[in-house]
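Below is one structure, written out as structure tokens, with a few remarks after it.
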Amino acid sequence: AQSVSLQIGTIESPTGANSQGWQAFAQYVEAASGGDIAVELFHSGQLGDTEKLLEGAKLGINKMVQGDETLTGAYEPMLAWFTPYLFPDEFVMKAFFESETFGELNEMMAEDMGVRVLAASPYGFYNFINKTRPIDKLEDLDGLKLRTLPSSQLTIKAWEALGAAATPVSWGEIYTSISTGVIDGLGHTLGIMVDQKYYEVAKNVTLDNSIGVVNFYLVNENFWQSLSDEQRKVLKRGAEIGAAAEFGIASYRNRVDALEVLAENGVDVRPISEEERARLRDAAQAAVVPWMKETIGAEIVDKVFAEVDSIEKRLGGN
Amino acid sequence: MILIILLASFLVFLLLGMPVAFAIGAASLAALVASDQSLVLLSHFMYIGMESYVLVSVPLFVLAGEIMLRGGMTRSLTEFADMLVGRLRGGMGHTNIAGSVFFAGITGSASADTTALGSVLIPAMAEKGYDRAYATAITIASSVIGPIIPPSLTFVIYAMAVGGDVSIGQLFLAGIVPGILVAFALMVMNYWISHKRGYEKRTTRYSFAEIVQITLRSLIVLVMPGIIVLGVLSGNFTATESAAVASVYALVVCFFVTRTLKLAELPSIFFSSAKVSSIMLLLLATSSILSYVLTTQGVPRYLAEFFTSVTENKYVFLLLLNVMLLAIGTVLDLFPAIIIFGPIFAQIADGYGVDPVHFAVVFCVNLLLGLNTPPVGSGLFIGAAVGRVKLEDLIRQVRPFILMEVVVLLVLTYVPALTTELPRELARLLGW
Amino acid sequence: MKRLLTLFDSAIQLFIAGCIATIMVVIALQVVMRATVGALPWPEELSVILMLWGLMLAAAYVLNERGHVGIQFFVDMLGPRPGAAISALMHVIIIIFCAAVIWGAIDKVESVWNLKTGSLRISRAVPQLAIPVSCAAYIFVCLRLIAEDIAIWRRSS
Ligand code: NA
Ligand code: NA
């Protein structure tokens with residue numbers, strides 16, 4: 001195969017954990033290929049947001065791109081791991097994306113959609129932040145207006161099942177919507193709460209780790225198949241190194257930096273008890289899982305759940 | 001090489017009269033073909049450029065303004081302005097400027113302001129002894145106030161172009177002070193010139209009954225921008241929603257209160273607001289292809305490297321930017337310039353630590369001035385047509401006003417507090 | 001034939017006006033719904049789709065009136081005959097651009113054909129199709145304008 005030049009679109013600013021992961025990827029790939037593969041990174045959404053990057057990757061406009069959980073909107077079987085309260089922590093989640101079950105989903109997607117995951121890096125969990133009250137138990141969510149994406153059926157069903165009012169608000173309007181009470185709050189990662197300064201207008205954070213979110217290192221399938229074995233090996237390993245670097249940075253920023261900023265700004269950050277998290281999980285999954293089984297088939301959903309169970313047992317997780 | 005093909009074909013198409021939107025698209029096509037890239041990119045990036053809920057506010061803003069204009073709201077606003085400032089020396093000139101401030105909420109677009117106010121006020125001013133070109137010059141100079149004071153299509157397009165990181169509500173709030181500053185500066189110049197040339201002032205007074213009547217009539221109109229601005233600022237609705245609510249309000253007023261609209265006129269109002277906004281949409285679409293080409297050719301990086309190699313000081317950077325944008329504004333029209341250069345410069349400004357809202361205001365005001373500078377100033381062209389004056393005369397008469405606007409621009413550039421602190425304080429006072 | 005064309009033309013104008021009217025109503029409805037029983041999931045998506053279709057088609061009418069922003073200054077200086085020739089040439093280039101967009105859009109539309117939109121659950125090709133369909137309309141308009149330019153060219157010889 002010929003030498004290759006990659007123009008890769010990502011959406012975070014250059015200092016974001018994901019951008020740093022891609023920088024590690026670029027360094028490895030250029031060095032290991034001896035200059036055979038050239039990498040140029042376009043950060044901050046210069047080539048489009050993750051949804052458009054994914055469309056570009058499908059069409060082969062973009063050979064490699066950053067992907068994230070919006071993948072679940074384009075390829076429905078991927079919804080299975082997007083179930084609220086599925087993973088206990090980011091380590092189990094990371095192991096899931098290295099599992100055989102995910103590998104099978106990935107092969108299916110490569111075949112059906114023409115896009116393949118080379119590596120995945122969980123970047124955190126949704127946690128509730130709201131301006132109204134601390135949340136210690138399921139009942140505390142009752143009647144809270146929580147933001148959802150207008151297009152995400154899954155979060156709408158999940159938040160409603162928890163007793164909250166799902167309110168669609170676009171990304172740019174979240175801050176003012178909280179400050180004026182259009183919404184009480186939302187679920188998002190600690191990192192986003194800090195970046196977007198939501199803590200200025202909402203002072204209650206609950207560490208309930210509901211929905212796990214993830215960044216992908218995606219490649220167009222036709223391009224992938226056109227490469228030599230050697231090139232494929234380099235790109236795959238580069239993606240794994242990038243994902244590992246990103247995972248470490250993101251975990252540290254979520255667990256240390258973000259919590260520090262929240263504490264400095266007088267935010268009441270509280271963990272949720274095991275029992276209450278189980279109640280939240282049961283309530284949300286009771287609404288989401290039947291709908292999901294109908295949409296993508298019970299077989300896939302059961303398989304993903306079983307895989308996560310066995311990973312938890314293997315890793316001795318809680 | 002690709003960049004040369006891109007630039008050369010763009011300039012040739014542009015100078016040979018091709019509409020800017022297509023010139024941008026065709027030049028990008030030439031660059032894509034030259035770099036052997038897939039044609040799928042064309043529709044892919046056109047779609048990326050257009051698919052946005054915020055963008056839906058554009059036809060709705062235009063619609064709200066269109067309804068108010070067709071419903072005959074121009075007169076009550078000019079009367080209101082005359083009532084407030086007409087007794088100063090150069091009274092009708094001040095009325096023209098103040099009219100633009102009140103009109104700002106209705107159109108949010110400079111050319112609509114020139115057409116609507118100019119067609120009424122220029123003949124009226126000429127009758128009162130003003131030089132016709134001078135009257136037209138005041139009209140086009142003050143027309144830039146409309147896009148600065150909220151609601152502002154210019155800021156919506158800017159927020160769209162740079163991609164969601166700046167809030168439209170904050171931009172709206174940030175535009176109030178600069179808009180009033182521009183109006184004030186223009187009034188000072190008008191007062192001075194009128195004094196020198198002995199232009200009129202109104203000598204009659206309005207009776208109390210007239211004052212009440214005129215105020216009420218204009219308040220009905222001014223509630224509309226109020227809805228939009230307060231709606232967006234309070235977060236009770238999004239920019240798009242407030243534009244829809246304002247349209248409904250305008251319809252209700254014109255059907256039931258003033259009864260100046262007929263049902264049969266509605267389809268043509270909807271259709272013509274679609275046409276006006278389609279010009280902007282198509283520009284966004286093809287510019288999105290262009291920015292892909294520019295980005296992958298490394299232009300943002302070169303520009304950033306250029307600026308950082310010249311200076312590390314953010315104020316020196318802003319000065320360079322002022323000069324560069326004034327130059328760009330002379331050859332490129334407002335919206336294409338915002339769409340093409342907004343994202344590139346916003347990123348560079350971020351690197352210098354410039355407040356994004358402050359930057360947005362400086363950037364947009366800077367480019368707005370280009371509307372009235374030759375050779376390519378659509379404000380000049382529209383003004384000359386509406387005022388029926390020679391372009392040369394108009395250019396000569398508009399110069400002192402542009403000078404005042406440049407002074408305001410520099411003040412805005414070096415006193416960021418005017419765009420950042422004041423809105424913040426206001427928001428705090430109002431409890432947002 | 002001419003009558004059919006006029007009918008078709010009025011139908012499209014009405015469709016465009018209808019798009020804008022529906023956008024206004026649907027979004028105003030959303031404001032009311034959110035204040036009362038809770039927000040609906042589809043108004044945002046629907047209004048974006050209607051905007052794409054309505055405005056992209058409306059741009060064809062603007063093109064037909066030679067109303068898109070452009071610099072006529074230099075062409076006007078050249079006089080009517082060279083001006084008409086250049087105008088015709090520019091419209092040929094626009095046709096080439098539009099044809100290229102349509103050509104590329106075929107793959108694009110095909111690739112999203114089976115994907116569903118987030119809340120209306122219709123094919124994602126529906127909004128995307130606005131681009132090639134409008135470009136076809138632009139080509140049609142350009143052909144008419146070229147005929148007009150040729151007529152001017154002949155007349156001013
Ligand atoms: Na305005
Ligand atoms: Na004016």
Side-chain angles (χ1 to χ4, degrees), chain B residues 13-23 25-26 29 32-33 38-44 46-47 50-53 55-56 58-60 63 236-237 240-241 243-245 247-248 251 266-271 273-279 281-283 285-286 333 335-336 375-376 378 381, chain C residues 13-14 16-21 23-28 30-31 34 44-45 47-48 50-52 54-63 65-76 83 86-87 89-90 93-94 96-97 100-105 107-109 127-128 131-132 135 138:
Chain B
F13 295 155
L14 198 64
L15 294 179
L16 292 183
M18 190 184 286
V20 184
F22 288 105
L29 171 63
L32 290 182
V33 172
S38 157
L39 294 183
V40 185
L41 284 164
L42 296 170
S43 63
H44 181 69
M46 282 173 81
Y47 189 72
M50 294 187 291
E51 189 226 20
S52 145
Y53 179 60
L55 198 56
V56 178
V58 171
L60 292 174
L63 176 65
N236 281 321
F237 16 89
T240 313
E241 286 169 1
V245 172
S247 298
V248 173
L251 274 182
L266 270 190
S268 90
I269 291 180
F270 286 128
F271 182 60
S273 52
K275 281 203 300 192
V276 172
S277 8
S278 78
I279 298 174
L281 186 85
L282 199 62
L283 267 170
T286 55
D333 219 337
F335 290 125
V376 183
S378 59
F381 301 149
Chain C
Q13 291 197 24
L14 210 62
I16 293 170
C19 285
I20 303 294
I23 290 173
M24 181 187 80
V25 171
V26 159
I27 294 177
Q30 175 75 320
V31 174
R34 190 169 48 226
E44 285 81 8
E45 196 178 288
S47 56
V48 170
L50 290 177
M51 171 193 69
L52 278 168
L55 297 197
M56 283 300 277
L57 285 176
Y61 285 89
V62 181
L63 183 63
E65 293 157 13
R66 303 183 188 246
H68 283 285
V69 194
I71 305 175
Q72 281 307 314
F73 193 69
F74 299 100
V75 181
D76 287 348
I86 288 176
S87 170
L89 175 67
M90 288 303 109
I93 297 175
I94 295 179
I96 295 173
F97 169 70
V101 173
I102 295 174
W103 178 252
D107 276 352
K108 172 88 183 169
V109 168
Q128 305 252 5
I131 293 174
C135 280
Y138 304 158

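Note that the coordinates shown come from a computational prediction; the quantities given were computed from them, not determined experimentally.
For chain B, the option among C:Pro132, C:Cys135, C:Ala21, C:Gly67 with the highest count of heavy-atom pairs below 4.5 Å is C:Ala21. Ranked by heavy-atom pairs under 4.5 Å with chain B, the list C:Ala105, C:Ala28, C:Ala100 is led by C:Ala100.
The minimum heavy-atom distance linking C:Ser47 with C:Ile23 is given by the pair O-CD1, 3.8 Å. Heavy atoms only, all atoms of each residue included: B:Leu55 and B:Met50 are closest at CD2-O, 3.3 Å.
Looking at C:Leu63, the atoms closer than 4.5 Å to chain B (heavy atoms on both sides) all sit in the side chain, from C-beta outward. Interface remark: B:Leu63 contributes side-chain atoms only to the contact with chain C (heavy atom separation under 4.5 Å). Neither the backbone nor the side chain of B:Ser38 comes within less than 4.5 Å of any heavy atom in chain C. Neither the backbone nor the side chain of B:Leu266 comes within contact range of chain C; no heavy atom of the residue lies under 4.5 Å from a heavy atom of that chain. Contact of B:Leu60 with chain C is made through the side chain alone, with heavy-atom distances under 4.5 Å. For B:Val245, the part lying under 4.5 angstrom from a heavy atom of chain C is the side chain only. Proximity to chain C is limited to the side chain of B:Thr286, based on heavy atoms less than 4.5 angstrom apart. Interface remark: B:Ile279 contributes backbone and side-chain atoms alike to the contact with chain C (heavy atom separation under 4.5 Å). With a 4.5 angstrom heavy-atom cutoff, C:Glu45 does not touch chain B via any of its atoms. Heavy atoms of C:Gln128 lying under 4.5 Å from chain B belong to its backbone as well as its side chain. For B:Leu16, the parts sitting under 4.5 Å from any heavy atom of chain C are the backbone and the side chain alike. Residue C:Pro127 touches chain B through both its backbone and its side chain, counting heavy-atom pairs closer than 4.5 Å.
For the ring-ring contact (aromatic ring centres under 6.0 Å, His included) test, residues two or more places apart in sequence or in another chain that qualify with C:Tyr61 are B:Phe271. For the salt bridge (charged side-chain N to carboxylate O under 4.0 Å, His left out) test, residues two or more places apart in sequence or in another chain that qualify with B:Glu51 are A:Lys52.
For the atom pair B:Leu42 CG and C:Ile102 CD1, the distance stands at 11.0 Å (nearest 0.5 Å). Annotation: the span from B:Tyr47 atom OH to C:Leu52 atom CG amounts to 6.0 Å, rounded to 0.5 Å.
A distance-only check finds no donor-acceptor pair linking the side chain of C:Ser87 to the backbone of C:Gly83 [under 3.5 Å]. Of the possible polar contacts, one joining the B:Thr240 side chain to the B:Tyr53 backbone as a donor-acceptor pair under 3.5 Å is found.
Looking at heavy atoms from C-beta onward, B:Val56 lies out of side-chain contact with C:Leu50 at the 4.5 angstrom threshold.
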